[in-house]
K.L.:
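Supplied in structure tokens, the structure appears directly below.
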There are 2 protein chains.
Amino acid sequence: MKTTTINDVAKQAGVSKKTVSRVINNEANVSEDTRAKVQKAIVETNFKRNPLGMALAKNRSLFIALLTDNPSPGYLMKLQKGILQSCTEEHMGLFLYDCSYNSNNLLKEIEEFIDNTLVDGFVLAPPICDKLELLEMLNRKNIQYIRIGPSYKHQGEFVGLNYYKASYDVASYLVRLKHTNIGYIKGHPDEESSTIKENGFKQALQDNKINWDSRLVAQGYYTYQSGRDAAALLLNNKPAPTAIFASNDEMAAGVLYEAQSRGIKVPDELSICGIDDISITTKVFPNITTYRHPLVNIGYRAAVLLINRLKNKQSSAPYGDSKNNETFDGELVIRDSTASIK
Amino acid sequence: MKTTTINDVAKQAGVSKKTVSRVINNEANVSEDTRAKVQKAIVETNFKRNPLGMALAKNRSLFIALLTDNPSPGYLMKLQKGILQSCTEEHMGLFLYDCSYNSNNLLKEIEEFIDNTLVDGFVLAPPICDKLELLEMLNRKNIQYIRIGPSYKHQGEFVGLNYYKASYDVASYLVRLKHTNIGYIKGHPDEESSTIKENGFKQALQDNKINWDSRLVAQGYYTYQSGRDAAALLLNNKPAPTAIFASNDEMAAGVLYEAQSRGIKVPDELSICGIDDISITTKVFPNITTYRHPLVNIGYRAAVLLINRLKNKQSSAPYGDSKNNETFDGELVIRDSTASIK
DNA sequence: CTGAAAGCGCTTACAG
DNA sequence: CTGAAAGCGCTTACAG
């Protein structure tokens, strides 16, 4: 099955292939007449531009990749879904690359990946989006990227989640339920988001005149197991907290398990909240109250911004230092894992 | 940063670029002497073959893609992880494409994806791997693929899971726990695996002289919600089943939720089992007894087989009709959602 | 506004 | 065993 090339279109339209190239790239300086002729020929010959030809000539593939470090599956799935959707709309393929945050030769591995696939854009998911050496390497190699996460040391563009509002709102909600003895499980110490969420939590306490008690704070790492472990610690307090706020859902699920394995009734004896609204929150019993981040949308927008940037760069349209950042708000989602103090 | 090309290597080694090409493709007919010279030059110039150049010349990208229909996230994540691992080892990129099984123009969309990315190989996950029109289209376009799932109408190669053994073993285990009133939730009616699992279940009942009771069988669709719905139906039976065997974990999690929301104690009043061993089974309380399929391994092997095939085809090595199928066994994993009848 | 030439990095087909 | 030529499908840089 011979595919039709730019040459076939040129012949059919009676123009040079350069002119065809102009049309498919939407360049200026083509008379309306010939443009129409070419477009007609494109349809007639069922022409599709071969991306490899373009990539080789331009030295840019327009392929993008999602770089992850295998965080919570539910989080990743939603993000991935949005990114994929945008890529499909833009007729682009999405590469996947799963790396290891702590690998010693992380940078080398990623450079190799770039060489092997010739991607020229990355969507960086947390926690990899906060890895400064990586961002610097990408800058050096002139590989475009967009970060999923809050602004970080002024590197690159980002699509942000409003982590502060998330934790502030969740904490305030728990206070409205008359909880004052609230355990808090922090996120991974290396991630920007952890600090921001903690600040939101503290501020909510302060605004409600509740004292901050360090015995009610436990270190987590955004993983299920770390949520369990932290809950075990917090629940050993006397008196035990009446609510535990885990700074992501993956940990909240761990808290729920730990509570249930100790025979603690949720929400009657313990309220539990998370952040993100990943799928597991509606699969466990009881469903977990959380703060919904529009992750699918966030992934979608991140990919759109990245792809637009690549395309603009290609057509040498103005692309200054103006950053196209977007920050998404979310909303509190009240479910069955929280109840008010009687 | 100018990258070094085959020409640079040729110059450095004092040979023609064709000879360099021979060396990097491991072709015969190169004297050991020049091969060594070229290899030395490759190292010295830090040469990396540009995949786009090769792809354009050969009209094959060696890129592969994972084609999914967004099944249970946990299932997909494990599969993806294995595939990714193999791709990384082989220095290949993995494209992702999420399609909609029921889309009217599924085939057209996939053809477009192929045109846009020039992938020349697919890993087909269930349920998409059982879509005959798709397989035929891929055959026609001469796109290689490997299916994750049992043999199906003699199409293509596959990496199979032993579904029969899975359900036979789980059912037998429930019988050993003295359950005789066992509810069964079938898989999606369009998927081969559903029939095979049901056969395994029936055979186990028969071998243990337990009568098959159609009121104890409910239709599921491999989704969480369908598991809940089916459980609701089954639990309305009088007497209610003492165990429910869902033919995948996603549904088993739904069963657990439904039971708990009715105040039914698991495992004391109801035992629950699934199949697959996806991550949710160890995140809910109680952890769910299941049959572990080595999904990471399965994904890994599938990608290895596919990539080898592509490479062999490329080097025109013998590639007959000999199929390289592999079938993986799994193992029963007993956890806390099952108990014996007193 | 349009096109002929040269080139991106590699391979195939052929000649020696 | 080795290489010069032509080509994969597209674009850039230039000329008109």
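Every chain is numbered from 1, with letters handed out A, B, ... down the list of sequences.
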K.L.:
Quick one: does A:Thr117's side chain have a donor or acceptor within less than 3.5 Å of a partner on A:Phe113's backbone?
P.N.:
yes
K.L.:
Send over the distance from A:Asn50 CG to D:dG7 P, rounded to a whole Å.
P.N.:
18 Å
K.L.:
Search all heavy atoms of B:Leu107 against all heavy atoms of B:Met137 and return the closest pair with its distance.
P.N.:
O-CE, 3.6 Å
K.L.:
Tell me: NZ of B:Lys58 to P of D:dG9, nearest whole Å?
P.N.:
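Taking NZ of B:Lys58 and P of D:dG9, I get 16 Å after rounding.
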K.L.:
Quick one: which protein N/O atoms are closer than 3.5 Å to N/O atoms of nucleotides 2-5 of chain D? Pair and distance per line, please.
P.N.:
residue, atom, partner, partner atom, Å
D:dT2, OP1, B:Ser31, OG, 3.2
D:dT2, OP1, B:Thr34, OG1, 3.2
D:dT2, OP2, B:Ser31, N, 3.0
D:dT2, OP2, B:Thr34, OG1, 2.8
D:dT2, O4, B:Arg22, NH2, 3.4
D:dG3, OP2, B:Ser16, N, 3.1
D:dG3, OP2, B:Ser16, OG, 3.2
D:dG3, OP2, B:Thr19, OG1, 2.6
D:dG3, N7, B:Arg22, NH1, 3.3
D:dG3, O6, B:Arg22, NH2, 2.6

K.L.:
Nearest-Å distance, CG (A:Asn59) to P (C:dA6)?
P.N.:
22 Å
K.L.:
Which whole-number value in Å describes the distance from B:Leu56 CG to D:dT11 P?
P.N.:
12 Å
K.L.:
Where is the tightest heavy-atom contact between B:Ala13 and B:Ala41, given as atom of each residue plus distance?
P.N.:
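Closest approach of B:Ala13 to B:Ala41, heavy atoms only: CB-CB, 3.7 Å.
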K.L.:
Give each stem of DNA chain D as a range with a range, requiring at least 3 consecutive Watson-Crick or G-U wobble pairs whose two distances are under 3.5 Å.
P.N.:
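Stems found: C:1-3 with D:14-16, C:5-12 with D:5-12, C:14-16 with D:1-3.
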K.L.:
Under 3.5 Å, side chain of A:Asp130 to main-chain N/O of A:Glu192, donor-acceptor pair present?
P.N.:
yes
K.L.:
Can you check whether B:Glu27's main-chain N or O pairs, donor with acceptor, with B:Asn25's side chain at less than 3.5 Å?
P.N.:
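Checking the backbone N and O of B:Glu27 against the side chain of B:Asn25, no donor-acceptor pair under 3.5 Å is found.
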K.L.:
Quick one: is C:dT11 close enough that its OP1 or OP2 comes under 4.0 Å of any side-chain N or O from B:Asn25?
P.N.:
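The answer is yes; a side-chain N or O of B:Asn25 sits under 4.0 Å from OP1 or OP2.
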K.L.:
Atom CD of B:Glu27 to atom P of C:dT12: distance rounded to whole Å?
P.N.:
7 Å
K.L.:
Take the angle between the ring planes of A:Phe95 and B:Phe95 and call it parallel below 30°, perpendicular above 60°, tilted in between.
P.N.:
parallel
K.L.:
Can you see if the side chain of B:Arg60 gets near the phosphate of D:dC8 - specifically, an N or O under 4.0 Å from OP1 or OP2?
P.N.:
no
K.L.:
Enter the distance from A:Gln12:CD to A:Lys40:NZ here, rounded to the nearest 0.5 Å.
P.N.:
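A:Gln12 atom CD to A:Lys40 atom NZ measures 7.5 Å (nearest 0.5 Å).
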K.L.:
Decide yes or no on salt bridge (Lys or Arg N to Asp or Glu O under 4.0 Å) for B:Lys108 and B:Glu111, but give the supporting numbers first.
P.N.:
CA-CA 5 Å; B:Lys108 217 162 157 195; B:Glu111 285 204 62; over 6 Å; no
K.L.:
From CZ of A:Arg49 over to P of D:dC10, roughly how many Å is that when rounded to an integer?
P.N.:
8 Å
K.L.:
What's the CD-P distance between B:Glu32 and D:dC1, to the nearest Å?
P.N.:
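B:Glu32 atom CD is separated from D:dC1 atom P by 9 Å.
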K.L.:
Between atom CE in B:Met54 and atom C1' in C:dT12, what is the gap in whole Å?
P.N.:
14 Å
K.L.:
Given B:Phe122, which partner from the list B:Leu135, B:Ile110, B:Leu306, B:Leu66 fulfils the side-chain contact (heavy atoms from CB on, under 4.5 Å) test?
P.N.:
B:Ile110
K.L.:
Identify which nucleotide among C:dC10, C:dT12, D:dG9 has an atom closest to any side-chain atom of A:Thr5, counting heavy atoms from C-beta outward.
P.N.:
D:dG9
